[in-house]
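All remarks here apply to the structure that follows.
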Protein chains: 6
Amino acid sequence: MRTNGRGPRDLRNVVLEPGVSKHAEGSCLARFGDTHVLCTASVDEKVPPHVYGTGAGWVTAEYGMLPRSTHERMAREAARGKQGGRTLEIQRLIGRALRAAVDLRALGTRTVTLDCDVIQADGGTRTAAITGGYVALALALRGLQQRKTLSRNPLARSVAAVSVGLVEGEVCVDLDYGEDSTAEVDMNVVATGDGALVEVQGTAEGKPFPRSDLDRMVDAALEAIGRLKERQEQALRG
Amino acid sequence: MRTNGRGPRDLRNVVLEPGVSKHAEGSCLARFGDTHVLCTASVDEKVPPHVYGTGAGWVTAEYGMLPRSTHERMAREAARGKQGGRTLEIQRLIGRALRAAVDLRALGTRTVTLDCDVIQADGGTRTAAITGGYVALALALRGLQQRKTLSRNPLARSVAAVSVGLVEGEVCVDLDYGEDSTAEVDMNVVATGDGALVEVQGTAEGKPFPRSDLDRMVDAALEAIGRLKERQEQALRG
Amino acid sequence: MRTNGRGPRDLRNVVLEPGVSKHAEGSCLARFGDTHVLCTASVDEKVPPHVYGTGAGWVTAEYGMLPRSTHERMAREAARGKQGGRTLEIQRLIGRALRAAVDLRALGTRTVTLDCDVIQADGGTRTAAITGGYVALALALRGLQQRKTLSRNPLARSVAAVSVGLVEGEVCVDLDYGEDSTAEVDMNVVATGDGALVEVQGTAEGKPFPRSDLDRMVDAALEAIGRLKERQEQALRG
Amino acid sequence: MRTNGRGPRDLRNVVLEPGVSKHAEGSCLARFGDTHVLCTASVDEKVPPHVYGTGAGWVTAEYGMLPRSTHERMAREAARGKQGGRTLEIQRLIGRALRAAVDLRALGTRTVTLDCDVIQADGGTRTAAITGGYVALALALRGLQQRKTLSRNPLARSVAAVSVGLVEGEVCVDLDYGEDSTAEVDMNVVATGDGALVEVQGTAEGKPFPRSDLDRMVDAALEAIGRLKERQEQALRG
Amino acid sequence: MRTNGRGPRDLRNVVLEPGVSKHAEGSCLARFGDTHVLCTASVDEKVPPHVYGTGAGWVTAEYGMLPRSTHERMAREAARGKQGGRTLEIQRLIGRALRAAVDLRALGTRTVTLDCDVIQADGGTRTAAITGGYVALALALRGLQQRKTLSRNPLARSVAAVSVGLVEGEVCVDLDYGEDSTAEVDMNVVATGDGALVEVQGTAEGKPFPRSDLDRMVDAALEAIGRLKERQEQALRG
Amino acid sequence: MRTNGRGPRDLRNVVLEPGVSKHAEGSCLARFGDTHVLCTASVDEKVPPHVYGTGAGWVTAEYGMLPRSTHERMAREAARGKQGGRTLEIQRLIGRALRAAVDLRALGTRTVTLDCDVIQADGGTRTAAITGGYVALALALRGLQQRKTLSRNPLARSVAAVSVGLVEGEVCVDLDYGEDSTAEVDMNVVATGDGALVEVQGTAEGKPFPRSDLDRMVDAALEAIGRLKERQEQALRG
């Protein structure tokens with residue numbers, strides 16, 4: 001039995017609160033249990049060099065953790081003078097995941113930057129960032145349409161993400177920190193609202209795992225992402 | 001007339017919400033109108049080299065702004081690879097201010113680090129950080145007593161801070177971003193709950209100002225700090 | 001038809017040349033077609049702080065590309081003053097993959113560092129690094145046994161890696177640079193010699209992909225890894 | 001009694017030597033007792049981005065200490081790879097102080113950079129830098145007029161600075177290093193030649209201080225700045 | 001007697017293998033005994049700022065060592081975040097040496113960058129880099145002529161380099177690592193194929209040395225460079 | 001004819017002013033015409049890791065230029081976040097040169113750091129730094145003897161340096177900036193007071209130069225160093 005009486009396929013209490021920032025073009029505070037990630041979408045009427053001249057736009061992401069978002073205080077990356085490998089890896093993942101939601105040509109020559117800052121961490125910060133980041137992105141794009149900057153919505157599909165793992169031999173979704181620490185396999189799945197895969201990352205934490213476990217974990221993740229899609233729709237209806 | 005019908009000596013709506021962090025030894029979300037600063041206090045059973053061997057403890061602070069806490073998105077300091085001069089100046093000020101609240105010998109050989117992260121900015125982030133940081137610090141020290149780590153409270157006095165400025169010739173306290181941008185003189189005052197000065201920083205933004213204006217601004221600030229002290233006491237009673 | 005007349009499931013010409021370094025405790029030049037990665041294993045009689053005191057050892061990796069290993073010259077990371085996100089992500093992957101091959105307790109309190117430097121790049125540098133890095137690692141561990149530093153071999157299993165992708169709708173293994181650039185899905189699979197999974201990373205480059213494609217790609221990758229295992233054994237017999 | 005028989009309101013021996021640099025457009029070696037700061041003013045026919053397009057000019061400052069300007073050798077900031085918080089704080093102060101002396105519109109689209117380098121330190125380096133920096137700045141602006149680059153002098157007023165502190169309960173101006181180390185309150189005041197305030201920074205080193213001490217310190221500082229103004233005029237007459 | 005039966009004036013086994021890189025415009029693997037340096041020449045149709053507008057081109061160099069090219073593993077400069085003083089000094093030397101081979105006006109507004117990466121080190125890496133870098137450079141320039149980008153060859157003269165030292169009182173050329181470590185004087189000489197000097201750098205490792213030793217070492221180096229010139233011609237004929 | 005009526009073998013007006021720093025264990029302001037370098041020697045009772053445990057001491061140097069020591073203002077290295085290649089090369093040279101003056105075993109387990117800061121530059125800053133640095137070093141070592149920290153003087157020999165070049169075909173010593181810019185060959189020679197060579201660095205600025213020019217330049221440099229030795233002795237007698 002999991003903490004809070006969750007069954008293996010149950011998500012934590014997921015709340016996606018839209019419009020929490022006074023300044024950002026789009027924003028969402030994503031809470032997955034005690035994991036809280038503030039996602040803001042900022043629109044800039046420029047594109048980075050590698051896109052310049054193609055007519056397309058760009059979607060990118062940055063990720064950070066407040067120093068005391070974790071159980072033990074972590075050194076501030078700004079003070080250490082560089083972002084660590086884990087941070088860079090996560091923000092590259094968030095960027096790829098959210099670009100999959102957008103028709104970059106329809107976005108026009110502008111950049112949307114998703115800042116995903118972890119206010120409090122209890123496992124699954126990257127998947128909360130993707131799921132909440134999608135809401136912030138959708139709100140920013142809606143704003144561009146309402147201000148007539150865009151004539152049609154460049155959102156091509158919804159994208160959400162969830163963690164899944166093998167904990168004591170059982171496939172569990174949306175692991176909290178305690179479960180994550182003891183999982184034998186740790187996996188993050190990003191998929192569209194209708195179940196197509198965007199990114200799959202699975203790692204054996206100790207012993208290598210059989211092919212059949214991969215199958216069971218992907219199944220569980222896709223089912224959970226279907227439920228996250230409903231929360232996203234609800235947040236965007238609000 | 002100021003926005004929201006404030007008179008020149010009125011504070012914005014100030015809310016000091018204690019205990020907002022699951023992990024930190026002490027925490028406070030300080031809201032001064034639309035300025036929101038998350039303050040966490042982390043206790044570490046070590047001291048920095050310059051204190052080592054003296055028997056005393058240390059209190060220090062770090063400050064950061066989320067990239068989209070501001071009207072326009074700012075570059076992330078972790079990504080730029082260094083903290084800017086303004087950040088370093090502010091976190092040095094917060095550290096000095098909060099050390100004035102503590103008997104460092106009574107603290108013992110441990111360090112309390114205050115992380116003050118601006119979630120949303122609308123002027124006065126450093127004074128909100130000091131005022132809320134005091135609450136987080138006091139809660140952390142109370143916890144050390146409750147866990148019998150400390151036999152007596154090393155808190156020597158309460159400390160709070162407020163901005164004050166000359167706006168169109170009038171002395172106003174607790175400036176919001178719009179007022180701050182147009183103020184002729186910009187000042188930050190840190191003081192104890194009973195009106196002794198800890199730090200005074202005043203800057204002419206355009207024309208140099210007469211001695212008499214300094215006097216009027218310090219008077220107004222000390223009066224406002226008296227009211228902030230009450231909010232702090234209330235938050236700590238909670 | 002692929003370049004050089006390869007079928008979809010055919011590897012490029014793979015040569016694992018052991019013992020190429022005069023100085024390193026273990027080494028292997030891994031050539032997958034025109035991709036050449038020099039892998040050296042260095043043994044250090046110390047462990048990093050997070051392992052210190054546990055009695056176990058550590059295996060880690062660093063990755064780099066010579067500036068003109070690529071079609072266009074890339075800026076040297078040492079001159080730019082930092083390793084990019086892609087570099088950090090790849091070297092973290094190599095480290096995790098090769099730790100899966102080793103019983104870290106049996107290694108004792110020492111660290112093996114795998115340096116994987118790309119001399120020439122034509123797609124699949126990270127999978128060549130893992131496959132050749134395993135050979136370098138095995139040789140270094142064999143040396144520790146021969147010098148009686150270790151009484152038994154801490155190698156627990158063999159590990160190899162291959163890329164696999166969907167190119168024009170067909171599942172192809174071991175993509176070269178040209179194929180990689182046009183693949184619809186790009187995947188890297190790390191597995192043991194007997195087909196258990198160590199790491200799976202798959203990314204939709206454009207459109208999200210169905211669950212069934214994932215299955216076909218993993219099948220093809222595992223089959224290819226079986227053949228890479230034979231090359232590794234051959235290199236280690238030499 | 002202070003060292004060298006100084007009374008509480010006496011400055012140290014102050015010498016402002018103009019024109020000490022062969023290359024700079026303006027220069028001054030400011031000696032306050034054993035504190036020696038070399039100030040050079042460099043004129044550049046460009047403005048920084050935040051001023052670009054406004055038609056105005058800019059005045060900025062950089063500050064540094066030679067490694068052995070101090071009693072114990074300090075690490076060289078260039079070797080450590082960054083300027084410390086104290087350095088950034090001081091050079092921001094010098095820049096603000098000297099901008100108050102200039103009508104930036106009358107300066108035209110050019111930048112004057114004041115480099116203030118501490119050759120030898122014995123307390124009060126930042127106030128010596130401002131006082132000597134003013135002389136270097138005035139000489140550079142005079143040169144622009146003499147070369148007919150400027151038709152009128154953009155100098156709006158003179159600016160000087162002094163430290164003041166509470167030492168054993170007594171208000172003393174222009175503290176040397178020994179006094180500074182034992183002062184209960186440490187203050188820096190920047191003011192114009194006719195006694196208007198440009199910047200006031202006061203810090204309780206130990207116990208918070210009463211409002212009345214602030215008043216006494218500001219009075220003493222303003223009086224001392226009147227005498228520094230005379231030294232500046234004398235240096236500029238030379 | 002030297003290792004491998006070399007006489008004092010004998011070079012090690014020198015092999016200059018041209019055209020080793022699939023991607024670079026020119027390349028050469030320079031082997032001086034166990035010292036192996038991979039030299040690639042990359043042509044870029046731009047010039048750096050300090051040459052811009054002069055009509056001339058530029059030749060520059062970068063130098064690096066693989067972490068385990070040495071007996072003990074060295075920290076990777078990219079990971080340490082900066083190039084060390086030795087690296088910068090060597091790459092400046094290589095750049096100056098190879099610029100002496102080229103008529104920069106005849107090169108036109110383009111830059112040739114020589115990357116000299118040490119695959120394995122056994123003394124004399126900088127002189128191997130210059131000698132092999134010349135071959136890579138010459139091949140890249142020949143390619144520009146063959147593609148009719150250049151109408152005439154901007155190569156003005158051949159350049160090669162050798163180390164020379166006083167080992168146990170005897171003048172020896174092309175020192176290996178063991179000899180280098182015990183040499184009393186260590187010298188690097190860069191010269192043209194017909195014996196004119198480009199750069200001379202000699203350093204007493206322990207005791208200062210008499211003028212007459214300098215003369216003997218320069219003589220021996222110039223003679224050895226004559227033989228290296230033949231190897232370069234042979235590599236370029238191939 | 002050279003500026004100031006100098007003949008080809010004449011030094012500029014050389015003044016070595018000892019004891020200019022209040023704090024440093026040894027100091028010298030070296031003026032070679034308009035080139036002014038402040039040299040301080042700092043003694044630290046520790047040695048760097050590569051010397052630790054050998055019983056010997058160490059002598060090292062750091063070099064810097066004030067931003068406006070040059071004709072055009074240069075960016076401050078501390079602000080740019082790193083020391084450039086030229087700076088590192090020069091400070092390594094100064095360190096090697098001054099170590100040649102000292103018996104490091106007799107120095108004992110302590111480090112002398114020479115800081116050579118260019119106050120004003122007009123060519124030949126590195127040779128002025130070595131020549132003045134020797135005086136600062138000798139004074140610091142004399143102080144160690146006077147305080148009985150050392151029983152005998154670890155100074156083994158005097159060391160000085162001078163630049164020499166081919167200007168319009170003529171061998172000239174101690175080049176000023178204007179001469180240095182037009183010299184065909186630029187050379188720096190470090191030697192002992194009795195004419196043994198410590199370091200020789202010569203570079204063809206344009207065309208390679210014949211062996212005979214090297215001989216003439218070394219002759220002229222050694223003669224000039226003989227005269228610098230006298231200035232050093234005079235400064236140390238003072």
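In this text the structure is predicted, and so the values were computed from the model without any measurement. Below, chain A is the first sequence line, B the second, and so on; all start at residue 1.
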Partners passing side chain to side chain donor-acceptor pair (under 3.5 Å) against E/Ser42 (at least two apart in sequence or in another chain):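 Counting only residues at least two positions away or on another chain, E/Ser42 forms a side chain to side chain donor-acceptor pair (under 3.5 Å) with C/Arg68.
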Leading residue by heavy atom contact count with chain F [cutoff under 4.5 Å; candidates E/Arg157, E/Glu205, E/Lys207]: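 The answer is E/Arg157.
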Closest-packed option against chain E by number of heavy-atom pairs under 4.5 Å, given [options]:
options	answer
F/Val159, F/Val218, F/Val185	F/Val218
F/Asp194, F/Asp215, F/Leu214	F/Asp215
F/Val190, F/Thr203, F/Asn188	F/Thr203

Given a strict heavy-atom distance threshold of 4.5 Å, which part of [X] is in contact with chain F: side chain, backbone, both, or neither?
X	result
E/Asp219	both
E/Asp213	neither
E/Thr192	side chain

Beyond-backbone contact of E/Leu114 with E/Thr60, side-chain heavy atoms, under 4.5 angstrom: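 With C-beta onward as the side chain, the pair stays apart.
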Residues of residues 85-97 of chain F within contact distance of chain E, non-hydrogen under 4.5 Å: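 The residues closer than 4.5 Å to chain E, in numerical order, are F/Gly85, F/Arg86, F/Leu88, F/Glu89, F/Arg92, F/Arg96.
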CA sep, side-chain torsions, deciding dist, call: E/Arg142, E/Leu236, side chain to side chain contact (heavy atoms under 4.5 Å, CB included): CA-CA 10 Å; E/Arg142 183 188 290 175; E/Leu236 288 169; 3.6 Å; yes
F/Asp174 and F/Arg227 ion-paired at < 4.0 Å: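 No, F/Asp174 and F/Arg227 are not salt-bridged.
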Within this structure, what is the [atom1]-[atom2] distance for the pair [X] and [Y], rounded to the nearest 0.5 Å?
X	Y	atom1	atom2	value
E/Ile130	E/Thr125	CD1	OG1	9.5 Å
F/Arg110	F/Leu141	CZ	CG	9.5 Å
E/Met187	F/Glu199	CE	CD	10.0 Å

Side chain E/Glu184, main chain E/Gly206, donor-acceptor under 3.5 Å: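 Such a contact is absent between E/Glu184 side chain and E/Gly206 backbone.
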E/Ser163 side chain vs E/Gly124 backbone, donor-acceptor pair below 3.5 Å: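 Looks like no, no N/O pair under 3.5 Å.
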